[in-house]
Amino acid sequence: MTSALNEANQHMNRTLEASSLTLSGQELVRLVSGGMEIKDLLTKELNRIYKTEIGAIKEELAEKLGLQKQEKLMLDSLFPDEVSYPLNADQSQLRLFRQKLNNSLEKTRLVRKRELAKTLSGFHQPVEKLVRKVLDFDLGFSIACFSTEFQLNLPELIPEAGIGFTGGENLFLKARYGEIDPISYSIGKPVFPGRSGKQGCTFERSKLRW
């Protein structure tokens, strides 16, 4: 609003400086006969310039604010009908105008949010399934990266009871102390060639037999 008024006042200054008063024959006769005073002619010309500038301000504001037809009517109350210079807006009406615009904007936002929520509601289940698939993939991918990093192997399942591994390394000890000696253990049935069953077990990098 302030910038629009400043531009309008500057334009009005230039218009007044460049303006000239041209009398029609009828106006000249009325002036000479005393039926009209020179100040009436000046007031008429000033009114014309004033209304032109006020109309330009209203059009500029309506375009910048994207006002609809009914909203444009609110601009009429911002400026007095009587000529005033420099151009200025009624502050009380300006505050009311801003309040109405804010209310209208909030109402529009609420309507758009409801429309958007209604549209997005149809994607709730597909998005939920997609999120679950992404989480499942992330879990599997993390396990695969972990297995690749530490060269882990899948266990070989056997029907007998027992567990064993060869060349196993404790990952926690290796992370703390660096290189460690691999060990082999077997409990129960999965006895590896050249080894008898031993008690004791830990989760380590190895070839397992369950």
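This chain uses plain numbering: 1 for the first residue, then up along the sequence.
- Under a 4.5 Å side-chain heavy-atom cut-off, the cluster of Ile, Leu, Val, Met, Phe, Trp and Tyr residues that includes Leu110 has no other member.
- Legend: side chain to side chain donor-acceptor pair (under 3.5 Å) pairs involving residues 99-108, not counting sequence neighbours, sorted by first then second residue: Glu71-Ser104.
- By the ring pair (Phe, Tyr, Trp, His ring centres under 6.0 Å) test, Tyr177 pairs with no residue at all, sequence neighbours left out.
- For Thr148, there are no side-chain hydrogen bond (donor to acceptor under 3.5 Å, both in side chains) partners, not counting sequence neighbours.
- Residues passing the salt bridge (charged side-chain N to carboxylate O under 4.0 Å, His left out) test with Arg176, sequence neighbours excluded: none.
- For Ser92, the side-chain contact (heavy atoms from CB on, under 4.5 Å) partners are Asp90, Arg95, not counting sequence neighbours.
- Distance check, rounded to the nearest 0.5 Å: CD1 of Ile183 to OG1 of Thr166 gives 11.5 Å.
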Show me the side-chain donor-acceptor pairs of residues 112-128 shorter than 3.5 Å, one per line, residues at least two apart or across chains.
unit_1	atom_1	unit_2	atom_2	d
Thr119	OG1	Glu115	O	3.0
Ser121	OG	Lys118	O	2.6
Glu128	OE2	Arg132	NH2	3.2

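- For the side-chain contact (heavy atoms from CB on, under 4.5 Å) test, residues two or more places apart in sequence or in another chain that qualify with Ala62 are Leu67, Lys72, Leu75.
- Rounded to the nearest 0.5 Å, atoms CG (Asp181) and CG (Leu173) are 11.5 Å apart.
- Phe141 meets the side-chain contact (heavy atoms from CB on, under 4.5 Å) test with Phe137, Cys145; sequence neighbours excluded.
- A side-chain donor-acceptor contact under 3.5 Å links Ser184 to the backbone of Gly167.
- Leu96 belongs to no hydrophobic cluster, as no Ile, Leu, Val, Met, Phe, Trp or Tyr side chain comes under 4.5 Å of its own.
- The OG atom of Ser147 lies 7.0 Å from the CG atom of Leu154; values are rounded to the nearest 0.5 Å.
- Evaluation of the side-chain contact (heavy atoms from CB on, under 4.5 Å) rule for Leu105 yields Arg109 as partners, not counting sequence neighbours.
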